Amino acid sequence: MAVKISDLVPKKISISVGESSLEVACLGLAQMTTLIENYKEPLLQLIASSGSGNVDFAALLTTAPDMVVSLIALGADAVGQEDDIRLLPVGVQIEAAAAIWQLSVPDVKKLVSVLSTVLAQMQPAQVKSGE
């Protein structure tokens with residue numbers, strides 16, 4: 001019997017928020033593309049820091065707070081609720097962002113390797129089409 005794709009999707013993580021909880025999930029390619037389109041530089045910094053194992057999500061709240069809010073909105077299926085996400089306690093925002101990132105990019109080195117290969121293959125195609 002073939003493996004069902006739904007069995008391969010990482011399980012959601014619950015983040016405690018007072019008496020309740022916030023469910024966060026893995027981001028897919030379309031959601032990551034949204035982040036890339038809107039927050040390319042901070043996202044590249046996040047990928048680079050993830051590769052070194054020193055991700056500082058607290059620093060991201062001061063350098064790229066809108067990206068953190070967008071990351072949480074996408075991972076919590078709460079797009080349109082960004083103003084409310086900004087009001088969550090800082091610790092909750094950090095924990096949620098870290099959980100979503102871990103679910104979405106469990107192996108940063110593999111991601112960087114795949115992206116490098118794909119981008120390298122795309123460059124010659126772009127040069128030919130631009131001739």
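The structure presented is a predicted model; accordingly, all values stated were derived computationally and were not measured.
In plain terms, the two heavy atoms of Ser104 and Ala25 that are nearest each other are OG-O, 4.5 Å. Ser16 and Val92 make their closest contact through O-CG2, 3.7 Å (heavy atoms, listed as atom of the first residue, atom of the second, distance). Across Ile72 and Gln93, no two heavy atoms sit closer than the pair CD1-O, 3.6 Å.
Linking ILVMFWY residues whenever their side-chain heavy atoms come closer than 4.5 Å, directly or via other members, places Val90 and Val24 in the same cluster. The hydrophobic clustering, which links ILVMFWY residues whose side-chain heavy atoms are closer than 4.5 Å, places Val9 and Ile13 apart. Note on Leu87: it does not cluster hydrophobically with Ile85, by side-chain heavy-atom contacts below 4.5 Å among ILVMFWY residues.
With rounding to the nearest 0.5 angstrom, the CD1 atom of Ile100 is 11.0 Å from the NZ atom of Lys12. Note that CG of Asp77 and CG of Leu22 are 10.5 Å apart. Values are rounded to the nearest 0.5 Å. Atom OG in Ser70 sits 9.0 Å away from atom CG in Leu27 (nearest 0.5 Å). With values rounded to the nearest 0.5 angstrom, Asp84 atom CG is found 9.5 Å from Glu82 atom CD.
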Let me check something: any side-chain donor-acceptor pairs from residues 29-48 under 3.5 Å, sequence neighbours excluded? List them with distances.
unit_1 : atom_1 : unit_2 : atom_2 : d
Gln31  : OE1    : Gly28  : N      : 2.8
Gln31  : NE2    : Leu74  : O      : 3.4
Thr33  : OG1    : Leu29  : O      : 2.8
Thr34  : OG1    : Ala30  : O      : 3.2
Asn38  : ND2    : Thr34  : O      : 2.9
Tyr39  : OH     : Asp66  : O      : 3.4

